[in-house]
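Only heavy atoms go into these numbers, but all of them, side chains included; no hydrogens, no water, no symmetry mates. Both counts, for ligands and for their atoms, begin at 1 and track the order of listing.
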Amino acid sequence: MAGIYGRLVVPGIERSTLYTFESLFGFVSRGKDGYPGRWKVERILNRLNVLIAGLENLRIDMWCNDAFLSPDAPPGTPPHDSPPTPGSAVWWDSRPLADDGQKWMKIADDVFCINPNTHAVNPVVAVTYSNPTSRIPLLMKICPDTLAEMVRTSIQTDMRHRPRLHIDGISLDSVRDGSLTTTLIHELTHSDFLLGDDVTEDIEGMESAYGWAEAVYIARVSENDALENADNFALFVLAMFLSLNHWGTGVSEKMFDAAPWDLSPP
Ligand SMILES: [Zn+2]
């Protein structure tokens, strides 16, 4: 009897891919929540393909601070009519009209790099605003502390070249936290301009929506949430890029050996 794709032996990299996928999105062979495994795989691959295609000619307005937001509009601007909400305020987007600016924006205090009320540095990493009707449909902000942390981090992976083999025991989180590319992938999946209905959210797990432990927790609780959480996707893409290692537990291990197709997972 032949196994996967009619083969008797499955290469180690395919086992690694399967186990990493299952950690982040639930089992493929026995889907929970009514999702067939194949549908889940296709949904993730489709999201990746749509992102790649969308990036071809994409214009992004990228900021490293909140300086494009002003509490005051130019003289003569009609006041905004947004009702007040706790924890947010309406700010004037001072970017040029052609870049989708010159309008009021309601912004939550906690997505500012520095909280405008308390002046404390917010733990915010990056924020994406997406406006499909704009000439520049994506506005992305990566806060200065986040960028500085990426430069400071001890684990740097040059995403422009084939990545190196990591020694055993490096956490995927430690690569993720220092990776501007992974942050950008995470943020791009928040763009409904790029992804339409497949746009992702930040879905809270135990305490947050970010990192391996939260992603695995989210996948255990709800496969639907795992499919819609941005970091589950970003972590999977990162693990696949660092494919000289096996990342199925969230920590770098040696790649599996090729093995008979019916070998059960470790
Ligand atoms: Zn996010």
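- A salt bridge links Lys103 with Asp100; the closest basic N to acidic carboxylate O contact falls under 4.0 Å.
- Asp61 and Trp63 share a donor-acceptor pair across their side chains, judged by distance under 3.5 Å alone.
- There is a side-chain donor-acceptor pair under 3.5 Å between Ser174 and Ser171.
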message = For a side chain to side chain contact (heavy atoms under 4.5 Å, CB included) check, start with the C-alpha distance between Ser23 and Trp212, then their side-chain angles and the critical distance, and finish with the verdict.
response = CA-CA 9 Å; Ser23 295; Trp212 180 267; 3.7 Å; yes

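- For the 3.5 Å distance criterion, the side chains of His166 and Ser252 fail to qualify, holding no donor opposite an acceptor.
- If you check the gamma sulfurs of Cys143 and Cys64, they are not less than 2.5 Å from each other.
- With a cut-off of 2.8 Å, the protein N/O/S atoms near the Zn ion (ligand 1) add up to 4.
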